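Reading through the structure tokens given below for one structure.
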Amino acid sequence: MKILLSDSFDAGLPGRLAKYGEVTDDKEQLPSADVVLIRSKTKCTKEFIDEAPQLKLIIRGGVGLDNVDREHAKAKGIKVYNTPKASSVAVAEMAFAMMIALPNQLITAHNSTVAGQWLKKELKRSELLNKTLGIIGCGRIGLEMAKRAKAFGMTVYVYDVVPVRSEYIDGQKELVELLPICDYFSLHLPLTSETSGLINQERIAQMKNGACLINTGRGKTVVEDDIIAALHSGKLGGYATDVFFSEPPENKALLSAPNTLFAPHLGASTRENLLRISDEVVLLIDQFAKGELK
Ligand code: NAD
């Protein structure tokens, strides 16, 4: 079998897959690939899939499958798998790092110090202790976030379309109840027709003045222009995200808005997680090679 690595994975993965067939990262070989491995960069559109008549299996190393045209793959008999469990800790740690960095003004503190300023009196930090976190979409990653927030002495409420039970949450609420009571929100939603643009002007208006928003879910679950307006008016106290409407981000007004913290979709990109993703990919390929993949 020919396995095409269309995005970057842990450097050890090609060697681990060699026993199953030919492994290549040459995208010109898509037409003869039996298996394509992707992360978030490659978009498995209808056109991409149609260029690969031999294709039998797509594996997305990561959680969301919004970069795969699953209906078209299914219609062509191509199996689509992801590695949903591997990334939870990596993404939760990223979201938490952002929730610490924003109120501690770490980016401004660093940049101003490097620029020769000494803003000791000007910069005021704020603590997470006794603050309320609202987790919007509380599955695997959201629960890891909740666990960390409880360790910091926060009150944790969640909004989700399915019941969520955990010793680390203080209650589940409707979105309309959650919005006015939280100091921080962390978004961990998949991108669907229901979640697209969920955090918009109307919902931001229902939040506490100065609430901060962390987004390590998907960029399109927020309306970026509404976030920008709320950052300028002070309605939102901060916005930290590693996901954008378009990636790399083209919205220059967002990049220059106040009280922001940005990263280039790094949530899953820990060394440890890349190894966990490789482990899951090898397992799937092994099952596929043995004809055991359903
Ligand atoms: P998950 O499926 O375990 O959790 C998602 C939760 O969202 C579920 O509990 C689900 O019921 C809930 N949900 C779905 N639709 C909803 C709606 N309309 N309203 C409220 N809740 C809703 O997934 P996960 O592993 O926790 O990952 C969550 C998301 O994080 C992924 O879908 C992906 O978009 C994103 N992600 C980002 C990165 C990154 O690098 N930043 C990495 C991995 C995953």
Side-chain angles (χ1 to χ4, degrees), residues 1-10 13-14 16-88 91 137 139-141 160-162 187-198 217-222 243-248 265 267-268 274 276-294:
M1 90 171 101
K2 183 179 283 187
I3 303 169
L4 170 63
L5 274 77
S6 186
D7 289 330
S8 50
F9 283 80
D10 170 64
L13 184 60
R16 295 175 69 185
L17 293 178
K19 66 176 174 185
Y20 298 102
E22 184 187 344
V23 183
T24 178
D25 59 5
D26 177 6
K27 292 184 187 181
E28 299 291 312
Q29 298 202 38
L30 177 62
S32 54
D34 300 283
V35 180
V36 171
L37 307 185
I38 61 164
R39 293 200 58 226
S40 53
K41 196 171 176 198
T42 298
K43 309 295 173 216
C44 283
T45 57
K46 180 179 183 299
E47 293 71 29
F48 180 97
I49 290 169
D50 286 344
E51 271 184 54
Q54 306 294 326
L55 195 57
K56 297 163 194 75
L57 174 64
I58 297 170
I59 303 177
R60 149 92 164 101
V63 183
L65 279 169
D66 41 294
N67 55 336
V68 179
D69 186 337
R70 276 185 284 171
E71 268 185 31
H72 192 60
K74 193 176 170 192
K76 296 203 111 185
I78 299 166
K79 295 182 195 335
V80 179
Y81 278 82
N82 58 351
T83 60
K85 291 184 210 135
S87 306
S88 308
V91 183
R140 285 172 292 254
I141 299 170
D160 199 298
V161 284
V162 297
L187 304 182
H188 299 287
L189 292 164
L191 181 63
T192 65
S193 51
E194 284 84 39
T195 64
S196 177
L198 185 76
R218 283 290 177 265
K220 288 180 182 169
T221 62
V222 306
V243 288
F244 299 84
F245 184 87
S246 56
E247 296 182 3
H265 204 144
L274 291 177
R276 281 193 297 267
I277 288 175
S278 287
D279 290 345
E280 287 198 37
V281 167
V282 171
L283 201 63
L284 288 166
I285 297 274
D286 189 65
Q287 289 169 344
F288 177 66
K290 291 174 180 160
E292 291 171 0
L293 203 60
K294 287 186 202 113

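Bear in mind that the values here come from a model prediction, so they are computed numbers and not experimental data.
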Could you go through the side-chain contact (heavy atoms from CB on, under 4.5 Å) check for V68 and N82 one step at a time? CA-CA 10 Å; V68 179; N82 58 351; over 6 Å; no
Any idea which heavy atoms bring A289 and Y20 closest together, and the distance? CB-CD2, 3.8 Å
Inter-residue atom distance D34.CG - F288.CZ, 0.5 Å rounding: 6.5 Å
Among L17, D7, L4, side chain to side chain contact (heavy atoms under 4.5 Å, CB included) partner for L37: L17
Using a 3.5 Å distance criterion without hydrogens, assess whether the side chain of D69 forms a donor-acceptor pair with backbone atoms of E47. no
Does atom CD of E292 have more than 12 heavy-atom neighbours from other groups under 6.0 Å away? yes
Please tabulate, for the side chains in residues 277-284, all donor-acceptor contacts under 3.5 angstrom to protein atoms that are two or more places apart in sequence or on a different chain.
from: S278; atom 1: OG; to: L274; atom 2: O; distance (Å): 3.2
from: D279; atom 1: OD1; to: R16; atom 2: NH1; distance (Å): 2.9
from: D279; atom 1: OD1; to: R16; atom 2: NH2; distance (Å): 2.9
from: E280; atom 1: OE2; to: A86; atom 2: N; distance (Å): 3.2

Looking at S87 and G62, what are the two nearest heavy atoms and their distance? OG-CA, 4.3 Å
Between I285 and M1, is the side-chain contact (heavy atoms from CB on, under 4.5 Å) condition met? List the steps. CA-CA 10 Å; I285 297 274; M1 90 171 101; 4.2 Å; yes
With side chains defined as the heavy atoms from C-beta onward, is the minimum distance between V91 and V63 less than 4.5 Å? no
Over 12 foreign heavy atoms within 6.0 Å of NZ, K27: yes
On a heavy-atom basis, the closest approach of R39 and A268 is NH2-CB, 3.8 Å
Straight-line distance of L55 CG to L30 CG, nearest 0.5 Å: 7.0 Å
Scanning both residues in full, the closest heavy-atom pair of I38 with S6 reads CG2-CB, 4.0 Å
Taking salt bridge (Lys or Arg N to Asp or Glu O under 4.0 Å) as the definition, give me every residue that meets it alongside R140, ordered by chain and number, with sequence neighbours left out. none
Side chains of L5 and V23: does their closest heavy-atom pair fall under 4.5 Å? yes
The reported gap from SG in C44 to CG in L65 (rounded to nearest 0.5 angstrom) is 9.5 Å
Sorted by chain and residue number, the side-chain hydrogen bond (donor to acceptor under 3.5 Å, both in side chains) partners of E247 (sequence neighbours excluded) come out as H265
Distance-only donor-acceptor pairs under 3.5 Å for side chains of residues 74-81, two or more places apart:
from: K76; atom 1: NZ; to: D50; atom 2: OD1; distance (Å): 3.0
from: Y81; atom 1: OH; to: K294; atom 2: O; distance (Å): 2.6

Tell me every residue that passes salt bridge (Lys or Arg N to Asp or Glu O under 4.0 Å) with D160, counting only those two or more places apart in sequence or in another chain. none
Cut-off 3.5 Å, side chains only: do Q29 and K2 have a donor facing an acceptor? yes
Rounded distance (nearest 0.5 Å) linking atom CG of L198 with atom CG of L187: 8.0 Å
What distance separates R70 CZ from I49 CD1, expressed to the nearest 0.5 Å? 11.5 Å
Would you say K56's side chain and Q54's backbone share a donor-acceptor pair under 3.5 angstrom? yes
Tell me which donor-acceptor pairs under 3.5 Å the side chains of residues 189-196 have, and how far apart each pair is, sequence neighbours excluded?
from: T192; atom 1: OG1; to: E194; atom 2: N; distance (Å): 3.2
from: T192; atom 1: OG1; to: T195; atom 2: N; distance (Å): 3.1
from: T192; atom 1: OG1; to: T195; atom 2: OG1; distance (Å): 3.3
from: T195; atom 1: OG1; to: P190; atom 2: O; distance (Å): 2.6
from: T195; atom 1: OG1; to: T192; atom 2: N; distance (Å): 2.8
from: T195; atom 1: OG1; to: T192; atom 2: O; distance (Å): 3.4

Hey, mind stepping through V36 and F48 against side-chain contact (heavy atoms from CB on, under 4.5 Å) and telling me if it holds? CA-CA 11 Å; V36 171; F48 180 97; 4.1 Å; yes
Heavy-atom closest contact (S40 atom, K43 atom, distance): O-NZ, 2.7 Å
